[in-house]
There are 2 protein chains.
Amino acid sequence: MKALEEGNELQLDFTKLQKIAKTDSQVVPVVVQDADSHEVLVVAYANQQALDHTLKTGTATFWSTSRNELWIKGATSGDTLQIVDIRVNCEQNSLLYLVRMVGGGVCHTKDARGHTRKTCYYRSLKDGKLNFLEGQTPS
Amino acid sequence: MKALEEGNELQLDFTKLQKIAKTDSQVVPVVVQDADSHEVLVVAYANQQALDHTLKTGTATFWSTSRNELWIKGATSGDTLQIVDIRVNCEQNSLLYLVRMVGGGVCHTKDARGHTRKTCYYRSLKDGKLNFLEGQTPS
């Protein structure tokens with residue numbers, strides 16, 4: 001069990017974006033939102049190749065900034081994300097993928113019952129601690 | 001009129017994150033979502049100082065990566081964003097602010113009627129072109 005993922009302590013990693021820059025990855029952040037429930041599921045990154053693959057296949061594709069390779073979400077598990085719409089922000093330096101989940105959740109972590117979490121944002125910051133939202137009605 | 005913001009051409013700026021890294025800003029991306037309509041409004045960045053200010057005041061605060069200074073959203077215009085909840089992702093390298101808009105829209109651009117746009121994601125990518133969503137029902 002990783003304390004970072006299953007703990008109540010806030011330990012924000014402010015270095016992630018600088019690590020990305022050091023790899024020379026030319027990426028934009030991508031917010032992934034459930035087109036039906038409107039829950040924000042994950043923030044990932046895309047380069048031109050990932051966007052092209054997304055547009056060509058209709059399946060949400062990212063650039064893995066840790067592995068430095070194309071990351072077709074759910075390619076292994078079958079839990080792919082079908083693209084409903086792609087939005088671009090004013091300054092064209094980020095993307096919003098509206099998606100429909102084909103299989104289970106989006107997060108790589110599992111809840112206490114062993115189920116893949118639907119969203120990566122399963123903890124809320126209150127009084128300096130992280131509180132798990134599981135079992136509550138999604139906002 | 002800036003073509004980047006008011007045009008139909010996709011001209012993604014893949015260099016933004018690398019520019020951020022070069023300034024030595026220790027920031028995480030922050031997705032800002034309307035707590036009521038659930039629309040994604042903007043992606044901005046926060047360092048520890050911006051998060052501390054957000055927690056202390058209950059008003060969404062970011063770190064301006066272009067001006068390298070604290071950015072209290074709406075401090076000038078009065079269009080502040082009240083924090084309803086703050087979510088943290090699994091790997092603790094991004095944040096999700098659920099907010100309630102006090103004044104007008106969040107975007108710095110204005111629509112054809114001269115109204116501040118509510119969200120920065122006012123264009124949809126279709127067949128290689130950006131289509132304006134204005135006048136349509138928010139998704």
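Within every chain, numbering begins at 1; the chains are lettered A, B, ... in the order of the sequence lines, protein sequences first and strands thereafter.
For the set B:D85, B:N131, B:T109, the count of heavy-atom pairs under 4.5 angstrom toward chain A peaks at B:D85. The greatest number of non-hydrogen atom pairs below 4.5 Å with chain B, out of A:V42, A:T15, A:L55, A:N47, is found for A:N47. When the candidates A:L12, A:L10, A:D13 are compared by the number of heavy-atom contacts under 4.5 Å with chain B, A:L12 comes out ahead. When each of B:V31, B:V43, B:V27 is scored by its heavy-atom pairs under 4.5 Å with chain A, the top score falls to B:V27. Of the residues considered (B:E5, B:Q18, B:R117), B:Q18 shows the highest number of contacts with chain A, using heavy-atom pairs under 4.5 Å. Per-residue counts of heavy-atom pairs under 4.5 Å with chain B were compared for A:V84, A:I20, A:L17; the largest is that of A:L17. Ranking B:V28, B:N93, B:V88, B:L96 against chain A, the residue ahead of the rest is B:V88, based on heavy-atom pairs under 4.5 Å.
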Let's go through A:K118 and A:M101 carefully: what are the C-alpha distance in whole Å and the side-chain angles of both, what is the deciding distance for side chain to side chain contact (heavy atoms under 4.5 Å, CB included) to 0.1 Å, and is it a yes or a no?
CA-CA 9 Å; A:K118 183 179 177 187; A:M101 297 202 299; 3.5 Å; yes
Does the side chain to side chain contact (heavy atoms under 4.5 Å, CB included) test come out yes or no for A:I86 and A:L51, once each step is laid out?
CA-CA 10 Å; A:I86 296 177; A:L51 177 59; 4.3 Å; yes
Checking side chain to side chain contact (heavy atoms under 4.5 Å, CB included) for the pair B:V106/B:V32: CA distance, chi angles, key distance, verdict?
CA-CA 10 Å; B:V106 162; B:V32 182; 5.6 Å; no
Residue pair B:R100, B:L81: steps toward the side chain to side chain contact (heavy atoms under 4.5 Å, CB included) verdict
CA-CA 6 Å; B:R100 201 153 279 143; B:L81 299 170; over 6 Å; no
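At a 4.5 Å heavy-atom cutoff, B:K19 makes no contact with chain A through either its backbone or its side chain. Heavy atoms of B:L95 lying under 4.5 Å from chain A belong to its backbone as well as its side chain. Contact of A:L130 with chain B is made through the side chain alone, with heavy-atom distances under 4.5 Å.
When atom types are taken as modelled, the side chain of B:N89 and the backbone of B:S94 share a donor-acceptor pair closer than 3.5 angstrom. No donor-acceptor pair under 3.5 Å is formed between the side chain of A:E39 and the backbone N or O of A:D34. The backbone N or O of A:V40 lies less than 3.5 Å from a partner atom in the side chain of A:T119, making a donor-acceptor pair.
Against chain A, no residue from residues 56-80 of chain B qualifies, as none has a non-hydrogen atom under 4.5 angstrom away.
Nearest heavy-atom pair across A:F14 and B:Q26 is CD2-O, 3.3 Å. A:G7 approaches A:R123 most closely through the heavy-atom pair O-NH1, 3.0 Å.
Of the N and O atoms on the side chains of B:Y45 and B:S25, not one donor lies less than 3.5 Å from an acceptor on the other residue. Using a 3.5 Å distance cut-off with no hydrogens or angles, the side chains of A:H38 and B:Q33 do not pair a donor with an acceptor.
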